[in-house]
Amino acid sequence: MAELPKRYDPKAVETKWYRRWIDDRDFQANPRSSKPPFSIVMPPPNITGVLTLGHVLNNTIQDILCRRARMQGFEVLWLPGMDHAGIGTQTAVEKYLRRTENKTRHDLGREEFLRRVLEWQDKHGGIIIEQLKRLGCSCDWSRQRYTLDESYAAAVQKIFVDLYNKELIYRGRRMINWDPAAQTALSDEEVVSKPQKGNLYFVRYEIVEEPGRFLEIATTRPETIMADTAMAFHPGDKRYLGLLGKHAWRPLAREKIRIIADDAIDPEFGTGVLKVTPAHDALDFEIGQRHNLHVVDVLHPDGRINCPAVPELDGLDRFEARKKAAELLQARGLLAKTEPYENNVGFSDRSDVPIEPRVSEQWFLRYPKTNEALAAVRDHLIRFFPVHWEKVYAQWLQNIRDWCISRQVWWGHRIPAWYIVTRPSRLPEVAHASRLRDEEERKPEARLRMRDQDTCKPEARATIYVGIEPPPDAENWIQDEDTLDTWFSSWLWAYETMDEKTRAKFYPTNVLVTAPDIIFFWVARMIIAGLEFKPGKSNRDEDNVPFRHVYFTGLIRDKLGRKMSKSLGNSPDPLELIDKYGADGLRFGLMRIAPSGQDIRFDEKQIEQGRNFATKLWNVARFRQMHGVSEAAPRIDKKTLSIYAVELLARLNETIDAIEAAYREYQFNTVAQRLYDFVWSDYCDWFVEAAKTDIFSEDEAKKKSALAVMDFVLSAILRLLHPFMPHLTEELWSLLGFGKESIQFAALPEKMVLDGVADVPGKRQLALAIYQTVQAGRNLRAESKVPSNRKIGFILRADEKLISDQVSTLTRLLNAEEVRLDRKYRASAGNPVAVTPLGEIFLAIAATDKARERERLDKEIAKVENELRTAEHKLDHKAFVDRAPAAVVEEHRARLKNLSAQLAKLKQAREGLS
RNA sequence: GCGCGGUUAGCUCAGUGGUAGAGCACUACCUUGACACGGUAGGGGUCAGAGGUUCGAACCCUCUAUCGCGCACCA
């Protein structure tokens with residue numbers, strides 16, 4: 001057999017095996033299988049997306065769960081796919097068009113633009129799927145889905161129509177979050193508030209009925225003054241009570257506005273007077289509704305001022321206009337003062353620009369099944385890991401508000417609604433301030449619509465047609481231009497990606513693996529969708545919830561704790577990491593530092609460790625292979641086991657248990673850490689080194705036994721490790737010939753029963769005592785400045801009978817010339833000595849520097865005395881002896897005895913030196 | 001303001017009531033027959049602070065400090 005290279009080369013191995021797995025259709029799920037089902041649907045990445053470390057973490061976890069389930073004998077479905085990312089994709093293509101052709105989507109028109117998006121998608125889209133394959137993901141690619149697949153899109157439309165018919169979806173003119181950069185409405189969840197430094201402007205409004213008297217307000221947004229339609233104070237505020245019902249002059253776009261009183265005003269804030277701007281503030285809009293105020297819009301959709309009445313401001317960007325408005329007021333003596341002020345401003349999650357609250361006609365969903373969704377998690381029909389996310393989820397559901405689902409975007413699922421041509425339902429979004437006012441006053445229906453937001457009303461419904469097919473007399477209707485929020489399609493993802501047969505076998509899915517930042521966007525909404533649309537095999541909630549478990553990963557941050565972002569450039573490219581460290585190295589390195597429920601600080605060093613671990617495993621396998629061919633199904637003979645083998649097998653059992661427990665709680669870092677420690681420390685550092693005595697010996701029986709144990713445990717290691725490092729383990733499995741079949745479907749190792757082995761505890765104890773003696777001896781050598789490579793003699797003053805068989809192993813592990821057993825050895829030349837569980841170990845040289853040796857022993861004595869004192873102290877306490885569990889007391893007594901003996905020996909050695 | 005999470009070695013983090021741990025970094029020795037992406041040994045911690053519960057607290061409880069996250073408010 002050819003010797004393996006010194007280093008594992010992931011590149012060739014990873015591609016080779018991934019291709020083999022695909023060719024063999026190992027990842028394909030069979031709905032007709034008699035095996036029990038295990039299923040995961042992948043959170044669909046954006047079609048425009050490229051692989052990030054977040055994806056690596058998330059998908060590695062899913063892959064681990066799926067691969068483990070396959071080994072446990074489940075029929076596994078891991079269903080992959082992508083979503084169309086309406087706003088994101090449209091923005092990307094628009095940018096591209098501007099750069100390459102200097103055109104906007106409006107230049108091209110809807111049809112041509114959509115054609116271009118498809119073209120772009122074919123060229124640049126879906127890279128991420130290929131990248132996931134490089135990571136080794138065992139998805140059933142034959143079932144890959146897309147939110148714009150024909151059948152999927154049809155399902156989204158059907159859901160819309162159904163919900164409309166159930167009167168859960170309605171069209172209304174309401175305050176929404178407007179993104180002036182993307183120029184679309186957003187849902188509440190897509191707005192993130194950030195503290196902003198700005199000013200509080202104190203502006204004076206003259207009272208119409210009392211010229212010369214002014215009413216002062218405080219505002220952060222003087223550029224919206226032209227949209228003021230009232231001034232308001234708290235009804236209990238005596239300072240202003242006399243002004244109720246009077247009017248004030250609006251200082252910009254001069255106009256009379258009413259002075260009103262409303263409970264919503266905080267008398268403590270500013271001057272206690274609020275300028276009411278119903279078109280540009282959510283609270284003001286509500287006040288406006290209560291007092292039947294006009295809504296005057298002075299902003300263009302892109303955030304520029306739209307107010308020809310004030311030419312100085314008209315056309316200016318809102319932030320420039322803010323400064324300019326303050327200057328205008330200042331010049332007119334109406335700006336009392338300006339104070340620096342910090343407040344929270346809503347930013348678009350999409351384009352990172354301040355959101356404009358804006359009155360607009362949009363489609364909304366009244367969430368159904370919110371109580372059931374709450375109960376499903378509260379009663380643990382669905383379990384969250386870590387559990388504290390349950391609270392966050394509940395809090396959101398309890399304060400839930402209607403979901404604005406329409407987007408002024410072309411790329412996506414077009415809303416299946418039509419309006420009668422003769423009566424366009426949409427009001428002009430932008431209107432010259434004075435013109436809009438005219439309209440508002442002239443058109444009673446516009447006023448009506450503001451109050452009756454609800455298009456479920458029959459009179460509103462007569463002008464709207466909602467259906468999967470266009471209306472029969474299509475020429476009289478015009479379809480809504482807007483598309484649906486992307487999340488309105490992905491909330492069906494857990495089941496709409498499956499055909500009927502697949503659903504019957506694999507729905508509900510076992511677990512959803514996702515980042516907590518989409519708990520509302522996606523997780524909660526999927527739960528609601530499952531409960532409302534009931535895709536399960538019965539009507540019971542437990543059959544309809546989309547998943548049993550949700551595992552929330554941590555967020556990956558950079559070394560400094562910052563979120564990874566493109567603009568900071570602090571996000572490493574996973575593909576480069578794979579090139580450098582191998583997919584398995586990346587996977588293992590990342591999993592070892594991925595605690596549950598905690599954010600993860602990324603450091604490339606950790607990935608390097610993953611790679612090093614792969615090399616370590618590779619090399620120990622290489623060592624094994626140098627000593628002949630392994631058994632295909634390694635078996636061990638219990639009667640011939642060395643004490644080191646017994647210790648190793650017992651540790652393997654403990655590791656299997658610990659791993660099993662950690663998986664149950666989704667503690668992937670614990671699984672990885674246990675495997676790492678077992679392989680590196682227990683297997684390589686201790687067992688293999690100790691077993692070399694037998695492996696290199698002439699005694700064929702011993703040699704055979706040691707190699708069999710190596711094989712048995714290595715085979716277990718490969719299987720336990722396979723979910724984390726699929727390529728490497730498959731390669732070694734095949735090279736060592738542990739199975740004809742792929743390791744993917746090999747059964748996980750079970751705990752080995754050590755029943756047939758005599759005196760397991762005694763053997764383990766002896767093995768550990770040997771190891772401790774080795775460590776003590778090595779320490780002596782190092783302390784005495786004996787170079788690591790110099791063979792040197794040791795004398796062990798201990799019971800010869802017990803350890804005579806182990807002397808050769810001791811000699812090997814100590815790199816000793818010889819280890820002389822001498823029960824009656826008398827230290828003559830002040831030999832450096834250490835006390836071990838076996839007895840005392842001496843270095844067979846005269847201490848070259850007696851002072852140094854004394855110092856060393858004094859330190860050692862002090863340490864033992866210290867520990868002894870602690871133990872004594874505890875045992876002196878009557879309360880401890882009386883109340884602590886007997887086993888604990890006994891443990892301390894044994895410890896005390898041990899330490900005393902140690903101390904005596906050390907003191908004796910110390911005396912010999914003086 | 002409400003809620004959640006963190007604070008343990010220089011760094012990154014394990015550690016659910018009984019002798020404080022790992023990896024990296026650091027120091028010394030070592031290319032010895034799997035591995036220098038390695039081996040051996042070592043130094044390094046008032047477990048954020050205060051109080052309480054307990055025979056016993058890094059761990060449970062209370063408060064404080066501090067960092068982070070979510071929600072609400074924000075004229």
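Every chain is numbered from 1, with letters handed out A, B, ... down the list of sequences.
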Please report the distance, rounded to the nearest Å, between [atom1] in [X] and [atom2] in [N].
X      : N     : atom1 : atom2 : answer
A/D188 : B/C73 : CG    : P     : 10 Å
A/D876 : B/C55 : CG    : C1'   : 13 Å
A/I717 : B/A34 : CD1   : C1'   : 14 Å
A/N815 : B/A41 : CG    : P     : 13 Å
A/F521 : B/G70 : CZ    : P     : 11 Å
A/Y393 : B/C71 : OH    : P     : 16 Å
A/D682 : B/A22 : CG    : C1'   : 14 Å
A/Q398 : B/G70 : CD    : P     : 19 Å

May I ask you to say what [X] touches in the nucleic acid, namely base, sugar-phosphate or nothing, with a heavy-atom cut-off under 4.0 Å?
X      : answer
A/L200 : sugar-phosphate
A/D603 : nothing
A/N399 : nothing
A/T220 : sugar-phosphate
A/I217 : nothing
A/L283 : sugar-phosphate
A/R624 : nothing
A/R221 : nothing
A/P516 : nothing
A/K692 : base

Would you say [N] has OP1 or OP2 under 4.0 Å from some side-chain N or O of [X]?
X      : N     : result
A/W680 : B/G39 : yes
A/R601 : B/U12 : yes
A/K616 : B/G39 : yes
A/N779 : B/G42 : yes
A/R622 : B/A34 : no
A/R611 : B/C37 : no
A/K785 : B/A41 : no
A/K391 : B/G70 : no

When you compare [N] with [M], how far apart are their [atom1] atoms, in angstrom units rounded to a whole number?
N     : M     : atom1 : result
B/G42 : B/G52 : P     : 39 Å
B/U46 : B/G10 : P     : 8 Å
B/G45 : B/A9  : P     : 10 Å
B/C71 : B/A14 : P     : 24 Å
B/C11 : B/U16 : C1'   : 26 Å
B/C37 : B/U7  : P     : 34 Å
B/A72 : B/C13 : P     : 29 Å
B/A58 : B/G49 : P     : 11 Å

Among [options], the nucleotide that comes nearest once only the side chain of [X] is considered:
X      : options             : result
A/Y341 : B/C30, B/C74, B/G42 : B/C74
A/T615 : B/C37, B/C71, B/A34 : B/C37
A/V392 : B/G70, B/A72, B/G33 : B/G70
A/H892 : B/C73, B/C30, B/G18 : B/G18

Do the side chains of [X] and [Y] get close enough for a salt bridge, i.e. N-O under 4.0 angstrom?
X      : Y      : answer
A/K791 : A/E818 : no
A/D237 : A/R239 : yes
A/E689 : A/K692 : yes
A/D228 : A/K275 : yes
A/E604 : A/K580 : yes
A/D694 : A/K703 : no
A/E223 : A/R318 : no

*What about A/E689: does its side chain form a donor-acceptor pair under 3.5 Å with the base of B/A34?*
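Side chain to base: pair found, below 3.5 Å.
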
*Polar pair under 3.5 Å, donor/acceptor by atom type, side chain A/S788, base B/C30*: no

*Toward the 5' end of RNA chain B, by each residue's nearest nucleotide, A/V192 or A/A782*: A/A782

*Would you kindly compare A/V191 and A/G272 by the position of their nearest RNA chain B nucleotide and give the one closer to the 5′ end?*
A/V191

_Strictly distance-based, threshold 3.5 Å: is any side-chain N or O of A/D266 a donor or acceptor partner for the main-chain N or O of A/G272?_
no

Name the pairing partner of [N], where a pair is Watson-Crick or G-U wobble with both distances under 3.5 Å, or state none.
N     : result
B/G1  : B/C71
B/G42 : B/C26
B/U31 : none

*asked:* Which label fits A/H873 and A/H877: parallel for a plane angle under 30°, tilted from 30 to 60°, or perpendicular past 60°?
replied: perpendicular

*Return the orientation label for the A/Y341 and A/F269 ring planes: parallel under 30°, perpendicular over 60°, tilted otherwise.*
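Judged by the thresholds at 30° and 60°, the geometry between A/Y341 and A/F269 is perpendicular.
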
*Do A/I600 and A/L555 come close enough that some side-chain heavy atom pair is under 4.5 Å?*
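Not touching, per the 4.5 Å side-chain cut-off.
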
Report each atom pair, protein N/O against N/O of nucleotides 23-26 of chain B, whose distance is under 3.5 angstrom.
from	atom 1	to	atom 2	distance (Å)
B/G23	O2'	A/Q609	OE1	2.3
B/G23	O2'	A/Q609	NE2	2.6

_If only side-chain N and O atoms count, and only distance matters, is there a donor-acceptor pair under 3.5 Å linking A/R592 with A/Q673?_
yes

